*Asks:* 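Quick one: structure below, then a few questions.
Remember, predicted model here, so these are calculated numbers, not experimental data. Any value given below was found using the heavy atoms of this structure, including those in side chains, with hydrogens, waters and symmetry copies removed.
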Amino acid sequence: MDYKKQVAATLKQAEPELDEQILIDKIEVPKDSSKGDYAFPTFILAKQLKKAPNIIAVDLVEKIDQTGFKKIEAVGPYINFFMDPKTAGSQILAKVLQTENYGHNTDGEAGHVTIDMSSPNIAKPMSMGHLRSTVIGNSLAEISSANGYQPIKINHLGDWGTQFGKLIVAYKRWGSEEAVKADPINTLVKYYVQFHAEAEKLPELNDEGRMWFKKLEDGDEEAIQLWQWFRDESLKEFMDLYDTLDIQFDSFNGEAFYNDKMDSVVEKLEQEHKLVKSQGAQIVNLEAYGLNPAMIKRSDGATLYMTRDLAAATYRKKTYNFVKSLYVVGGEQREHFEQLKAILNEMGYAWADDIEHISFGMITVDGKKLSTRSGRIILLKDVLADSEKLALEQINEKNPDLANKERTAHEVGTGAVVFHDLMNDRTLNFDFKLEEVVRFEGDTGPYVQYANARAHSILRKADQEIDENQLEISDEQVWETEKLLGEFENVIRRAWRDREPSVVAKYALNLARTFNKYYANSKILADDAELNARLALVQAVSNTLTEALRLLGVSAPVEM
RNA sequence: GCACCUGUAGCGCAACUGGAUAGAGUGUCUGACUACGAAUCAGAAGGUUGCAGGUUCGAGUCCUGCCAGGUGCACCA
């Protein structure tokens, strides 16, 4: 709930010359709540009123009508406003409990937002790096939706390229159908690794690989059949992971999908006279943008990543008519997306500005970059399995009678991993340590889940209907919690504005912590006149925590 | 070499548009289960916000220079 307007109106009443909008912009929420719920720094009025800020503060407070506030006081150059916790708190609770989809807004006006996310490579295992793109993209989809947009989640699969030629060669030489079926991705990776090892000794293999990829591009039946099979088997395994994370996609159109859509892009570039020949290759000069030239066609005529992304961008604009097009891709590819936007701009597309690279930091192990070839890889499957196992151990220790232990262990285990990934600023790198990722104490997903589970436990015990007309609580300890509940709308706006799931994650931690504090210090189920209102508070907290977790793609078990 | 990102407590991180005494977590030490779940709560200790200037009434936040780490810089994606 935003009481800034009330504060501004009160100030204007005392000093009619003031501009209300400027007041609203300058009113702030003190970090230290003992300084009030809202504060107005008077510095900006010093020139207009030709007085020292601390004098202005004192003068204004004298003229102010304090009705509707618990207290308004001047402290140095600040005017501090204290809301009346009892009335303001009950207003907030009423709003939380009575508003459908509390915290959401309709700013997006149902505009489409495409989100390019996850995008694993076929025939390679999903690592922790893919988790980032997957969960950040998924959370941004939920957050965009909470802001009134319509997200379209696109899994831009890495399902094309020379490596498929190599894979076909490897399979034909050393592979077996049974082995691939039994353990698709591991087996395919083995072939791939073996191919590279053999190619060291026998360089002709590389030519053979290129030849098979050429066959694939030319529509050779055998090549296509094998490619399709590898793709299907890999996708099956990916789907298991997506099911574990409970993430769905609207499209699986990967690189291969754009094979027949690149010619028109190249033609358009030619028409606009943007293509230049350089060392045999076709490039677009981007000097005007301070960028390196971007290659569109190799000297052998083959297309590149950029060519496909240009085709994908135009296809997506045509198909979805997006108002924003997000690409959740690692920060290493920053320049690629700058080039992509610049080229689209050169092609005369004004919507190039709507493309955004949502970059994120990379995951390292012992400070070193992950790489499939060097074997420095952390399999997502393993991490999730480990986390689930540890969660189950915790449950067996702390709540052995819980029904449906496996289900809950799954929710807590994956919740811990996903929350950990979303908790910090997405651009930060992080060094992978299993014990950090699957922690259940402190600033973690399970901490939030636990606060929610205990809230549910109280409501179960109370076992009574909540009367939404009796929401006033005299105990001022609850005000901090109520105030936070009132901020949820701003949090959702800010999370979208900054494209930052961590804004939501931090809020959830904050709300859980504030509630836990209250919970530990006072008895909620006391049989007095305000029991109903306290239960309403518990319900409001639980609703909000559950929704915050949902926006992050983390489930909120009612017991754990 | 050029461009971009990062630098805050032992560690990993917060601090929304510049605001008051820079905050929680973790680790260390200590206390709390006869109060609804101890995956919790309370307390102690821990800081020249990389360095040096500048702008401002006010700088962790903005500007300049430097230092350190990382990433990228056309025939991979």
Side-chain angles (χ1 to χ4, degrees), chain A residues 25-26 28-32 35 39 41-44 46-47 52-53 75-78 80 119 121 158 160-163 255 278-284 290-300 302 304-306 308-309 329-336 338-339 359 361-362 364 367 369 391 394-395 397-399 412 416 423-425 427-431 433 436 439-444 446-447 449-451 453-462 487 490-491 493-495 497-498 500 502-503 506 509-510 512-513 516-526 534 538 559-560:
Chain A
D25 289 346
K26 283 288 168 186
E28 55 189 51
V29 177
K31 286 177 202 161
D32 178 358
K35 297 198 176 70
T42 58
F43 305 103
I44 49 148
K47 267 183 197 155
V75 178
Y78 291 88
N80 295 338
S119 312
N121 292 317
W160 205 245
T162 321
Q163 71 262 30
E255 292 170 27
S278 169
Q279 297 170 30
Q282 301 276 347
I283 64 157
V284 178
L291 294 168
N292 289 318
M295 190 177 293
I296 304 297
K297 275 200 166 183
R298 290 195 320 214
S299 46
D300 64 3
L304 291 118
Y305 181 38
M306 182 62 80
R308 269 186 290 283
D309 256 1
V329 178
E332 304 94 295
Q333 293 190 34
R334 184 197 148 82
E335 190 169 19
H336 168 76
E338 285 183 355
Q339 289 176 327
S359 74
M362 51 176 197
T364 55
K369 214 173 158 173
Q394 290 269 321
I395 291 169
E397 188 189 317
K398 294 170 197 278
N399 196 1
V412 173
M423 177 168 71
N424 292 133
D425 186 328
T427 58
L428 291 173
N429 295 342
F430 77 86
D431 203 54
K433 293 196 187 67
E436 277 296 311
R439 252 182 43 226
F440 302 143
E441 288 161 19
D443 282 353
T444 64
Y447 176 91
Q449 290 174 320
Y450 183 64
R454 291 205 302 183
H456 274 278
S457 177
I458 291 176
L459 295 171
R460 268 196 305 276
K461 231 158 223 167
E487 272 170 37
N490 286 335
V491 167
R493 278 211 170 82
R494 220 169 72 220
R497 183 195 69 194
D498 297 343
E500 259 299 355
S502 69
V503 170
K506 278 170 186 138
L509 283 171
N510 207 349
R513 184 170 303 110
N516 278 341
K517 200 182 220 171
Y518 164 65
Y519 175 101
N521 289 312
S522 59
K523 189 166 164 100
I524 292 168
L525 289 177
R534 287 194 301 270
V538 174
E559 280 184 275
M560 60 190 273

*Asks:* If you assign A:Pro30 and A:Arg334 each to the RNA chain B nucleotide with the nearest heavy atom, which residue ends up on the more 5' nucleotide?
*Replies:*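 Nearest nucleotide further toward 5': that of A:Arg334.
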
*Asks:* Nearest-Å distance, NZ (A:Lys517) to P (B:U40)?
*Replies:*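 Spelled out: NZ on A:Lys517 to P on B:U40 is 15 Å.
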
*Asks:* Taking CH2 from A:Trp160 and C1' from B:C76, how many angstroms apart are they, rounded to a whole number?
*Replies:*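 Computing the A:Trp160:CH2 to B:C76:C1' distance gives 16 Å.
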
*Asks:* So, does A:Arg454 use its side chain to make a donor-acceptor pair with the main chain of A:Asn516 at under 3.5 Å?
*Replies:*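 Answer holds: no.
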
*Asks:* Report the nucleotide, chosen from B:U40, B:C36, B:A20, that has the shortest atom-to-atom distance to any side-chain atom of A:Glu441.
*Replies:*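 When the side chain of A:Glu441 is considered, B:U40 is the closest of B:U40, B:C36, B:A20.
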
*Asks:* Could you check whether any side-chain N or O of A:Asp309 sits under 3.5 Å from a backbone N or O of A:Tyr305, counting only pairs where one atom can act as donor and the other as acceptor?
*Replies:*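 Not confirmed, A:Asp309 side chain does not pair with A:Tyr305 backbone.
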
*Asks:* Check nucleotides 8-13 of chain B against the protein and report each pair of N or O atoms closer than 3.5 Å, with its distance, or say if there are none.
*Replies:*
{"from": "B:C13", "atom 1": "OP1", "to": "A:Asn429", "atom 2": "O", "distance (Å)": "3.4"}
{"from": "B:C13", "atom 1": "O3'", "to": "A:Asn424", "atom 2": "ND2", "distance (Å)": "3.3"}
{"from": "B:C13", "atom 1": "O2'", "to": "A:Asn424", "atom 2": "ND2", "distance (Å)": "2.8"}

*Asks:* Tabulate atom names and distances for all N/O pairs under 3.5 angstrom spanning the protein and nucleotides 71-74 of chain B.
*Replies:*
{"from": "B:G72", "atom 1": "OP1", "to": "A:Lys369", "atom 2": "NZ", "distance (Å)": "3.1"}
{"from": "B:C73", "atom 1": "O2'", "to": "A:Asn292", "atom 2": "ND2", "distance (Å)": "2.7"}
{"from": "B:A74", "atom 1": "N1", "to": "A:Ser278", "atom 2": "OG", "distance (Å)": "3.0"}

*Asks:* Spell out, as yes or no, whether a donor-acceptor pair under 3.5 Å connects the side chain of A:Thr444 to the backbone of A:Tyr447.
*Replies:*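 Yes.
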
*Asks:* Quote, to the nearest angstrom, the C1' distance that separates B:C67 from B:U26.
*Replies:*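 Per the computed distance, 29 Å lies between those C1' atoms.
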
*Asks:* Need one value for A:Ser522: base, sugar-phosphate or nothing, where a base atom within 4.0 Å counts as base even if backbone is also close, heavy atoms only.
*Replies:*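 The residue A:Ser522 makes base contact.
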
*Asks:* Would you mind classifying the nucleic acid contact of A:Pro77 as base, sugar-phosphate or nothing, using non-hydrogen atoms under 4.0 angstrom?
*Replies:*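 Counting heavy atoms under 4.0 Å across all strands, no contact is made by A:Pro77.
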
*Asks:* Is A:Lys398 close enough to B:A39 that one of its side-chain N or O atoms is under 4.0 Å from OP1 or OP2 there?
*Replies:*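 Yes, A:Lys398 has a side-chain N/O under 4.0 Å of OP1/OP2 on B:A39.
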
*Asks:* For B:U61, which nucleotide in any strand shown is its Watson-Crick or wobble partner with both distances under 3.5 Å?
*Replies:*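 B:U61 is unpaired by these criteria.
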
*Asks:* If you look at every strand shown and take non-hydrogen atoms under 4.0 Å, does A:Lys523 touch a base, only sugar-phosphate, or nothing?
*Replies:*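 Touches a base.
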
*Asks:* Check every strand shown and say whether A:Asn399 touches a base, only sugar-phosphate, or nothing at a heavy-atom separation below 4.0 Å.
*Replies:*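 Result for A:Asn399 = base.
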
*Asks:* Would you please confirm or rule out a distance under 4.0 Å between OP1 or OP2 of B:C36 and any side-chain N or O of A:Arg534?
*Replies:*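 So the side chain of A:Arg534 is outside the cut-off, no N or O lying under 4.0 Å from OP1 or OP2 of B:C36.
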
*Asks:* For A:Arg460 and B:C36, what is the distance between atoms CZ and P respectively, to the nearest whole Å?
*Replies:*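 So the two atoms are 14 Å apart, to the nearest Å.
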
*Asks:* Is there a side-chain polar atom (N or O) of A:Tyr519 under 4.0 Å from OP1 or OP2 of B:G37?
*Replies:*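 Yes.
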
*Asks:* Looking only at side-chain N and O atoms, does A:Tyr450 come under 4.0 Å of OP1 or OP2 in B:A39?
*Replies:*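 Checking B:A39 against A:Tyr450, a side-chain N or O does come within under 4.0 Å of OP1 or OP2.
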
*Asks:* Tell me the partner of B:G1, counting only Watson-Crick (N1-N3 plus N6-O4 or O6-N4) or G-U wobble (N1-O2 and O6-N3) with both under 3.5 Å; none if nothing fits.
*Replies:*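 Pair assignment: B:G1 / B:C73.
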
*Asks:* Any side-chain heavy atom of A:Arg513 within less than 4.5 Å of one from A:Asp443?
*Replies:*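 A:Arg513 reaches A:Asp443 side chain to side chain.
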
*Asks:* Is the A:Phe43 ring parallel, tilted or perpendicular to the A:Tyr78 ring (thresholds 30°, 60°)?
*Replies:*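 It falls in the perpendicular class, over 60°.
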
*Asks:* Using a 4.0 Å heavy-atom cut-off across all strands, classify A:Glu28 as base, sugar-phosphate, or nothing.
*Replies:*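 The residue A:Glu28 makes base contact.
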
*Asks:* Base, sugar-phosphate or nothing for A:Val412? Non-hydrogen atoms, less than 4.0 Å.
*Replies:*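 Since a base atom lies under 4.0 Å of A:Val412, the category is base.
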
*Asks:* Side-chain N or O of A:Lys26 less than 4.0 angstrom from OP1 or OP2 on B:U17?
*Replies:*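 So the side chain of A:Lys26 is outside the cut-off, no N or O lying under 4.0 Å from OP1 or OP2 of B:U17.
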
*Asks:* Give a yes/no answer on whether the side chain of A:Ser299 brings an N or O atom under 4.0 Å of OP1 or OP2 in B:C75.
*Replies:*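 False: A:Ser299 side-chain N/O out of range (4.0 Å or more) of B:C75 OP1/OP2.
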
*Asks:* With a 4.0 Å cut-off on heavy atoms, is A:Asn80 in touch with a base, just the backbone sugar-phosphate, or nothing at all?
*Replies:*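 A:Asn80: base contact, heavy atoms under 4.0 Å.
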
*Asks:* Between A:Thr42 and A:Pro53 (side chain of the first, backbone of the second, donor and acceptor by atom type, cut-off under 3.5 Å), is there such a pair?
*Replies:*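 Judged by distance alone, yes, a pair lies under 3.5 Å.
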
*Asks:* Of the options B:C36, B:C16, B:A77, whose atoms approach the side-chain atoms of A:Glu255 most closely?
*Replies:*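 Of the options given, the side chain of A:Glu255 lies nearest B:A77.
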
*Asks:* Just name whichever nucleotide pairs with B:C16, Watson-Crick or G-U, keeping both distances under 3.5 Å, else none.
*Replies:*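 B:C16 is paired with nothing.
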
*Asks:* Would A:Glu500 and A:Asp425 count as a side chain to side chain contact (heavy atoms under 4.5 Å, CB included) here? Give the steps.
*Replies:* CA-CA 7 Å; A:Glu500 259 299 355; A:Asp425 186 328; 3.1 Å; yes

*Asks:* Taking only side-chain nitrogens and oxygens of A:Arg454, does any of them come within less than 4.0 Å of OP1 or OP2 of B:A38?
*Replies:*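 Yes, A:Arg454 has a side-chain N/O under 4.0 Å of OP1/OP2 on B:A38.
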
*Asks:* Under 4.0 Å between a side-chain N or O of A:Tyr518 and OP1 or OP2 of B:A42?
*Replies:*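 Indeed not, no polar side-chain atom of A:Tyr518 lies that close.
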
*Asks:* When the P atoms of B:A14 and B:G50 are compared, how many Å lie between them, rounded to an integer?
*Replies:*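 Straight-line distance between the two P atoms is 14 Å.
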
*Asks:* From the list B:G37, B:G25, B:U40, which nucleotide is the closest neighbour of the side chain of A:Arg513?
*Replies:*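 For A:Arg513, the side-chain atoms sit closest to B:G25.
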
*Asks:* Would you say A:Arg308 places a side-chain N or O within less than 4.0 Å of OP1 or OP2 belonging to B:A77?
*Replies:*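 Answer is yes, contact under 4.0 Å.
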
*Asks:* Strictly distance-based, threshold 3.5 Å: is any side-chain N or O of A:Arg534 a donor or acceptor partner for the main-chain N or O of A:Ile524?
*Replies:*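 The answer is yes, because a donor-acceptor pair under 3.5 Å joins these two groups.
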
*Asks:* Using a heavy-atom cut-off of under 4.0 Å over every strand shown, decide if A:Gln449 touches base, sugar-phosphate, or nothing.
*Replies:*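 Result for A:Gln449 = nothing.
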
*Asks:* Answer yes or no: is there a side-chain heavy-atom contact under 4.5 Å between A:Tyr450 and A:Lys398?
*Replies:*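 No, their side chains stay 4.5 Å or more apart.
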
*Asks:* Does any nucleotide pair with B:C66 by Watson-Crick or G-U wobble geometry, both distances under 3.5 Å, and what is it?
*Replies:*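 For B:C66, the partner nucleotide comes out as B:G50, under the 3.5 Å rule.
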
*Asks:* Counting side-chain heavy atoms from C-beta on, which of B:A20, B:A24, B:U40 comes nearest to A:Ala39?
*Replies:*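 Per side-chain heavy atoms of A:Ala39, the pick is B:A20.
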
*Asks:* Of the options A:Lys297, A:Gln339, A:Met295, which is the one that meets A:Met306 in a side chain to side chain contact (heavy atoms under 4.5 Å, CB included)?
*Replies:*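 Per the side chain to side chain contact (heavy atoms under 4.5 Å, CB included) rule, the option paired with A:Met306 is A:Gln339, out of A:Lys297, A:Gln339, A:Met295.
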
*Asks:* Taking atom C1' in both B:G53 and B:G1, compute the distance separating them and give it to the nearest angstrom.
*Replies:*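 To the nearest whole Å, 26 Å.
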
*Asks:* Taking any strand in view, what nucleotide pairs with B:A42 in a Watson-Crick or G-U wobble way, both distances under 3.5 Å?
*Replies:*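 By the stated definition (distances under 3.5 Å), B:U30 pairs with B:A42.
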
*Asks:* Closest-nucleotide mapping onto RNA chain B: is A:Gly158 or A:Asp32 further toward the 5' terminus? I mean the 5' end.
*Replies:*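 The 5'-side residue here is A:Asp32.
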
*Asks:* Tell me: CD1 of A:Ile44 to P of B:G18, nearest whole Å?
*Replies:*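 About 13 Å, once rounded to whole Å.
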
*Asks:* Backbone N or O of A:Ala39 within a donor-acceptor pair of the A:Asn80 side chain at under 3.5 Å?
*Replies:*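 Absent.
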
*Asks:* For residues A:Asn424 and A:Ser502, is any side-chain donor paired with an opposing acceptor at under 3.5 Å?
*Replies:*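 Not at all, the side chains of A:Asn424 and A:Ser502 share no donor-acceptor pair under 3.5 Å.
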
*Asks:* Paired with B:U56 by Watson-Crick or G-U wobble geometry, both distances under 3.5 Å: which nucleotide is it?
*Replies:*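 For B:U56, the partner nucleotide comes out as none, under the 3.5 Å rule.
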
*Asks:* To the nearest 0.5 Å, what is the distance between CG on A:Leu428 and CE on A:Met423?
*Replies:*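 So the gap between those two atoms works out to 10.5 Å.
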
*Asks:* Distance between the C1' atoms of B:G47 and B:A15, in whole angstroms?
*Replies:*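 It comes out at 15 Å once rounded to the nearest Å.
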
*Asks:* Look only at the side chain of A:Ser522 and the backbone of A:Tyr518, and say whether a donor-acceptor pair between them is shorter than 3.5 Å.
*Replies:*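 Yes, because the side chain of A:Ser522 sits within donor-acceptor range (under 3.5 Å) of the backbone of A:Tyr518.
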
*Asks:* Would you mind classifying the nucleic acid contact of A:Ala46 as base, sugar-phosphate or nothing, using non-hydrogen atoms under 4.0 angstrom?
*Replies:*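 Touches nothing.
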
*Asks:* Using the P atom as the reference point in each nucleotide, state the distance between B:C13 and B:C41 in Å, no decimals.
*Replies:*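 It works out to 23 Å between them.
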
*Asks:* I'd like the P distance from B:U48 over to B:U30, given in whole Å.
*Replies:*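 Taking atom P in both B:U30 and B:U48, they lie 27 Å apart.
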
*Asks:* If we take the P atom in both B:G12 and B:G27, what is their distance in whole Å?
*Replies:*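 Roughly 15 Å separates the two P atoms.
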
*Asks:* When all nucleic acid strands are considered with a 4.0 Å heavy-atom cut-off, which category describes A:Val538: base, sugar-phosphate, or nothing?
*Replies:*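 The residue A:Val538 makes no contact with any strand.
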
*Asks:* Taking the same atom, C1', in B:C11 and in B:G54, what whole-Å distance lies between them?
*Replies:*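 After rounding to an integer number of Å, I get 34 Å for this pair.
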
